[in-house]
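A short worksheet on the structure shown next.
Below, chains carry the letters A, B, ... as their sequence lines are ordered, and counting in each starts from 1.
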Protein chains: 2
Amino acid sequence: MVGVKKTPPSAAVEQVDTRYLQTLLGYNARRAALSIIGVFLERLAVYGLKPVDFSVMSVIHHNPGVTSRQLCASLSILPPNLVGLIQSLESRGLIERKPHPTDGRALGLHPTAKGVSLMQQAEVTASELEIDASSKLTASQRQTLVQLLQKIYL
Amino acid sequence: MVGVKKTPPSAAVEQVDTRYLQTLLGYNARRAALSIIGVFLERLAVYGLKPVDFSVMSVIHHNPGVTSRQLCASLSILPPNLVGLIQSLESRGLIERKPHPTDGRALGLHPTAKGVSLMQQAEVTASELEIDASSKLTASQRQTLVQLLQKIYL
DNA sequence: TATTGTTATACTCTATAACTATA
DNA sequence: TATAGTTATAGAGTATAACAATA
């Protein structure tokens, strides 16, 4: 067995080997998401928006009159957890709730002028930040990545 | 303005438009990660392993003698949050803590025979599950996806 | 003086049950 | 009977400060 290093029972680990985990899609997707979200938190703090707030505001921005139910379904948020978010956005004057035209139980969520203005800026910032957070990727690779990710969850 | 539908102020939203969010890498990465993790939770429940437990056990499995500090650094876990995980795995007889060969402050984490056996099976299950959770992707696309994701966080 | 592992603790996120008003 | 919005609450995940033992 010439040339074979015998590892003592309690040898110290010099460099941690994470090669197996790195073969897993879930692991890589989670790490990449957390990496981007970290940059997102920094850059969107000026707007007072965390990722969830941003997602909610973005859907309302592009779908004025959307209901809480629809929001929950499209963003996978549980109804009880949306209540506080909506109340917060409303008290900040970014959205307002109006009676639903056909369903008396529901309320339509509408962005205010202030909300629209904020989101126009926030969405530009978000799109820019994503490029910075994935600066090792070409535009083409970024597009490929988005398409492949959507094949998983859509 | 013939042919132009005027939308009433409070019209109901029929289908929620999430096309803007779908252009964002962070949004897609998070949704895809959560989708895979959902399948992970189901399939690895038989081993009593959640994603974090699995990651920790996998690193210990492939790096016998690794310290808590090294684990925290490689998996982005904060030291106080690792303590409970380690204690749980130890009390289940999956790992054991031995004195570190050179650093008296540290403890080396080692998988037991039971832990090795469990992880050999769990890693096979995890690798299989990932393919099922991304069944719309070819093997080649899956490989591309992993490579692109790693360019973001590594 | 710095680091490892740890405790205590707070904050956030996510999940479940149950209620009301309306469909 | 089912659904929209809500309340209360429990559980899981993540965060900071501070301490004892060792480097």
Separation of [N] [atom2] from [X] [atom1] (nearest whole Å):
| X | N | atom1 | atom2 | result |
| --- | --- | --- | --- | --- |
| A:I77 | D:dG5 | CD1 | C1' | 15 Å |
| A:R105 | D:dA4 | CZ | C1' | 6 Å |
| A:I95 | D:dG5 | CD1 | P | 12 Å |
| B:K98 | C:dT4 | NZ | P | 22 Å |
| B:H100 | D:dA23 | NE2 | P | 11 Å |
| A:I86 | D:dG5 | CD1 | P | 9 Å |
| A:Q70 | D:dT3 | CD | C1' | 13 Å |
| B:L82 | C:dA8 | CG | P | 17 Å |

Sidechain-backbone polar pair: A:R92 side chain, A:G48 backbone, donor-acceptor under 3.5 Å:
yes
Between the main-chain N or O of B:E123 and the side-chain N or O of B:S127, is there a donor-acceptor pair closer than 3.5 Å?
yes
Taking the side chain as every heavy atom from C-beta outward, state whether A:L71 and A:I86 have any pair of such atoms under 4.5 Å apart.
yes
Within the 4.0 Å heavy-atom criterion, would you say B:L107 contacts the bases, only the backbone, or no part of the nucleic acid?
sugar-phosphate
If you check the [X] side chain, which of [options] turns out closest?
| X | options | result |
| --- | --- | --- |
| B:R30 | C:dT14, C:dT6, D:dA2 | C:dT14 |
| A:P80 | C:dT6, C:dT16, D:dG5 | C:dT16 |
| A:T67 | D:dG5, D:dA23, C:dG5 | D:dG5 |
| A:L78 | D:dA15, D:dT7, C:dA15 | C:dA15 |

Just how far is it from atom CE of A:M119 to atom CD1 of A:I95, taken to the nearest 0.5 Å?
11.5 Å
All heavy atoms of B:S74 vs all of A:Y27, minimum pair found to be O-OH, 3.8 Å
Can you find a side chain N or O atom of [X] that sits less than 4.0 Å from OP1 or OP2 on [N]?
| X | N | value |
| --- | --- | --- |
| A:K50 | C:dT12 | no |
| B:R69 | C:dT4 | yes |
| B:Q87 | C:dT7 | yes |

For A:V83 and B:T102, find the nucleotide of DNA chain D closest to each by heavy atoms; which residue's nucleotide sits nearer the 5' end?
A:V83
Residue pair A:P79/B:D103 against DNA chain D: nearer the 5' end by closest nucleotide is A:P79
Report yes if a donor N or O on one partner sits less than 3.5 Å from an acceptor N or O on the other, where the partners are the side chain of A:N81 and the base of C:dA15; otherwise report no.
yes
Closest to the 5' end of DNA chain C, once A:S76 and B:A106 are matched to their nearest nucleotides, is B:A106
